[in-house]
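Per chain, numbering begins at 1; letters A, B, ... match sequence-line order. Values in this document were obtained by computation on a predicted structure and should not be read as measured data.
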2 protein chains.
Amino acid sequence: MAKQNTVFKDAFNRCLRLVAETATLPSEPELGTALGVSRTTIRAILARMETLQLIAWNKREKRVLRQPVAADYYPAEETDSLSDIIERSFMRRILAGGAEPGMQINELELARDIGTGTTSVREFLIRFSRFGLIEKRPNSHWILKGFTREFALELTEVREMFELRSAASFTTLAADHPAWLELSRIEALHREILADIDNRYREFSELDERFHLLVHKSSSNRFIIDFYDIITIVFHYHYQWNKTNARERNALAMEEHLAYIAALKTRDLAKVEAACRRHLQSARETLLQSIQ
Amino acid sequence: MAKQNTVFKDAFNRCLRLVAETATLPSEPELGTALGVSRTTIRAILARMETLQLIAWNKREKRVLRQPVAADYYPAEETDSLSDIIERSFMRRILAGGAEPGMQINELELARDIGTGTTSVREFLIRFSRFGLIEKRPNSHWILKGFTREFALELTEVREMFELRSAASFTTLAADHPAWLELSRIEALHREILADIDNRYREFSELDERFHLLVHKSSSNRFIIDFYDIITIVFHYHYQWNKTNARERNALAMEEHLAYIAALKTRDLAKVEAACRRHLQSARETLLQSIQ
DNA sequence: ATTTTGTCTTTTATCCACAATAGACAGATT
DNA sequence: AATCTGTCTATTGTGGATAAAAGACAAAAT
């Protein structure tokens, strides 16, 4: 097997949702931009839909013949890209499984475990190494440095520097900058979720990322923005793993966010800094608690 | 061709220098640690030396038979690792060659150009992407973001944050911490080179890296230390490329270093910050000048 | 009792092949 | 005149093969 056709399968599934909504599909280029894939893939999707008798396809005409049913969709497991699969598998190993710091990581073993080729695993490890959790010994193995207390402290130290700097530049954005609108949208979402916290507290993780990324982006600094990837991945897996008191923690964090957002809106640097520090402080504590 | 034997060739050359100095070579493990390679490679080296009649090898006895001559050495081009070759070749393309920002980078073309397989080029690009000069479009090409003014400004912004923080933690190191000794050694080297600046100003580049890395290391933060890789590579190629007024620039920078070192030694935070800022300011200007 | 060597196994680095996907271009259609 | 489709080519993503290098272990030597 060479390349996997996950792009096709995922786009096919998304295209089925379009089929459910209209009587005729638009042109190939239009579908391509809508689904974010090339015309080659679009034509493969259309051909498959024709085979399944979902549409009648003749040049420009793409008439919907019937509504898609569950059996038309590709199973969700088949639409994940290989690198996502490797990432998940790897993170489970090093976070959930008892992975000791200092442990050796074996490309071949990892590849066999996941059921993939070594090349993909190798490329994943290279990409992943910038997160500071593993380190390469050339011509030899990788070393797991581990999700330790030191790691968390180093991570949060830089995060705090970057976020304070970003928050400060947020206050200097022009009044008509789209970030202000997005900030208001995020604020509204906070209030919505808080109003129904018992049912919706799980939505916090995604909202948290969206908010902090917005702040980081206002730095206009690629290094600061890229660094946020590390935060994202750490917190993402951390949330999946440590669910004690999630409701309370999330509610508290959202209150802090609201105070932080309010401070940003005043454009008063001292207030922004105070609110930002307060939130980062409790975020750090949450992270540290989950480690030891 | 699978793996290239550059490790062997490079270690062989270095081992020839040992042969020139002694009558008998030490044990295999000892040689291994001295040259930083495994026993497998050491044994390959010894076998080759035996073939060349450089040594008489019988178990523990490794008697030197003759002095190595120029012809015994492998040519320098053959001892560079493939990733170094790719890096150099790539940097020449994007720095020296007129590479426009926004240009597409083609793995296949790059590989053909360098005369190597695509896998190695691909892995290089993945590793290199953390420097923020290129960006990947999945399933498609890479985009060259270019060594632009924005890049330099974003880089120096983070550098200044990190170095100020590191310099501050330097002042809190225990008096018997080895960093103080290394600092004094670096200081002495500065004075030596300044005393003979006309002949030795080219040594600055290496000294500069050694000094700033020492400062960054005192942060004990892997993200700060890793970031210094970016600075290193940018300045490394930048020095090779822009040589106008090198003597004056380097002399000035060294004077600033001396002031910075003196400030560190007082452990007075205000003085450290002032000296550090002054130096970073002029380093930034030098970099910016070379760009437009 | 340690260290060294001989031998063997395992793993990494690298190239190559091939399917999936992107993308280019000319002719067809509105 | 602009957009769309049919067809073709080029490039990326991934598995597999293989030489180089690392590393394990027992027997041999100090």
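A donor and an acceptor atom never sit less than 3.5 Å apart when one is taken from the side chain of S140(B) and the other from the base of dA22(C). One N or O donor and one acceptor, one from the side chain of K3(B) and one from the base of dT12(C), sit under 3.5 Å apart. Looking at T40(A), its side chain comes within 3.5 Å of the base of dG23(C) through a donor and an acceptor atom. Remark: the T118(A) side chain and the dG16(D) base include no donor-acceptor N/O pair separated by less than 3.5 Å. Counting atom types as modelled, S38(B) pairs no side-chain N or O with a base atom of dG23(D) as donor and acceptor under 3.5 Å.
Nearest nucleotide to the L108(B) side chain, out of dA22(D), dT5(D), dT11(D): dT11(D). Comparing atom distances between the A2(A) side chain and each of dG23(D), dT14(C), dC18(C) picks out dC18(C) as nearest.
Listed for the R14(B) side chain is a donor-acceptor partner under 3.5 Å among the backbone atoms of L35(B).
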**Request:** Give the intermediate values and the outcome of salt bridge (charged side-chain N to carboxylate O under 4.0 Å, His left out) for residues E109(B) and R93(B).
**Result:** CA-CA 12 Å; E109(B) 187 192 326; R93(B) 269 172 92 109; 3.5 Å; yes
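Listed pair R43(B) / dG6(C) meets the phosphate criterion, a side-chain N or O lying under 4.0 Å from OP1 or OP2. Look at K62(B) and you won't find any side-chain N or O under 4.0 angstrom from OP1 or OP2 of dT4(C). For dA22(D), one of the phosphate oxygens OP1 or OP2 lies less than 4.0 angstrom from a side-chain nitrogen or oxygen of T41(B).
For the pair P138(B) and K59(A), nearest-nucleotide mapping onto DNA chain D gives the more 5' position to K59(A). Place T119(B) and N139(A) on DNA chain D by their nearest nucleotides, and T119(B) ends up nearer the 5' end. Mapping K9(A) and R60(A) onto DNA chain C via the closest heavy atom, the residue that lands nearer the 5' end is K9(A).
With salt bridges taken as basic N to acidic carboxylate O contacts below 4.0 Å, none links D226(B) and R130(B). A salt bridge links E182(A) and R210(A); the closest N-O separation between the charged side-chain nitrogens and carboxylate oxygens is under 4.0 Å. Remark: R137(A) engages E135(A) in a salt bridge, criterion side-chain N to carboxylate O under 4.0 Å.
Across all strands, E109(A) comes closer than 4.0 Å to no nucleic acid atom at all (heavy-atom distances). Using a 4.0 Å heavy-atom distance criterion, R137(A) is classed as making no nucleic acid contact.
Per the geometry, CG belonging to L31(A) stands 17 Å off C1' belonging to dT21(C), to the nearest Å. In this structure, CZ of F12(B) is placed 16 Å from P of dA20(D), rounded to the nearest angstrom.
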